[in-house]
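Notes to accompany the following structure.
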Amino acid sequence: MHDLTDWLATLWAVVWALKWVFLAVVVCLLIVAAVEEGARRRERRRIRRSNQLHEAAARRAVQRRAAQEGRPPYTPPARGRRTKRTAVQA
């Protein structure tokens, strides 16, 4: 009986230790996932900002070319706004 008690105590200690190892691995994976998500967000923000800068430079170039050629400056339609056009306009 004594051997069985020792064996159960050892098994319990191993299970208890594995539980903490498992929890530590889960916490590490969560930290890694959060860091990677932050890096992805920063990268997307950087790309979006870069695209905005390039678009603004292109708009300025179009306006400058129009001014050099004596045309009125091109004004693009408002972004994201769509007006419904009806068949009969008053």
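Every heavy atom of this structure was used, including side-chain atoms; hydrogens, water molecules and symmetry mates were not.
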Nearest atoms (heavy-atom pairs only) where Ala66 meets Pro72: CB-O, 4.0 Å
side-chain contact (heavy atoms from CB on, under 4.5 Å) evaluation trace for Lys19 with Val15: CA-CA 6 Å; Lys19 175 187 73 170; Val15 168; 5.6 Å; no
For Arg40, does the CZ atom sit with more than 12 other heavy atoms under 6.0 Å from it, leaving out its own atoms?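 Yes, because the 6.0 Å sphere around CZ of Arg40 holds more than 12 heavy atoms from other groups.
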Do other residues, nucleotides or ligands put more than 12 heavy atoms under 6.0 Å from Arg44 CZ?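 Correct, the count exceeds 12.
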Rounded distance (nearest 0.5 Å) linking atom CD of Glu55 with atom CZ of Arg60: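 Going from the CD atom of Glu55 to the CZ atom of Arg60 covers 11.5 Å.
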Return the CG to CG distance between Leu23 and Leu18, rounded to the nearest 0.5 Å.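 It is 11.0 Å, given to the nearest 0.5 Å.
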Do NZ/NE/NH1/NH2 and the carboxylate oxygens of Glu37 and Arg41 come within less than 4.0 Å? yes
Strictly distance-based, threshold 3.5 Å: is any side-chain N or O of Ser50 a donor or acceptor partner for the main-chain N or O of Arg46? no
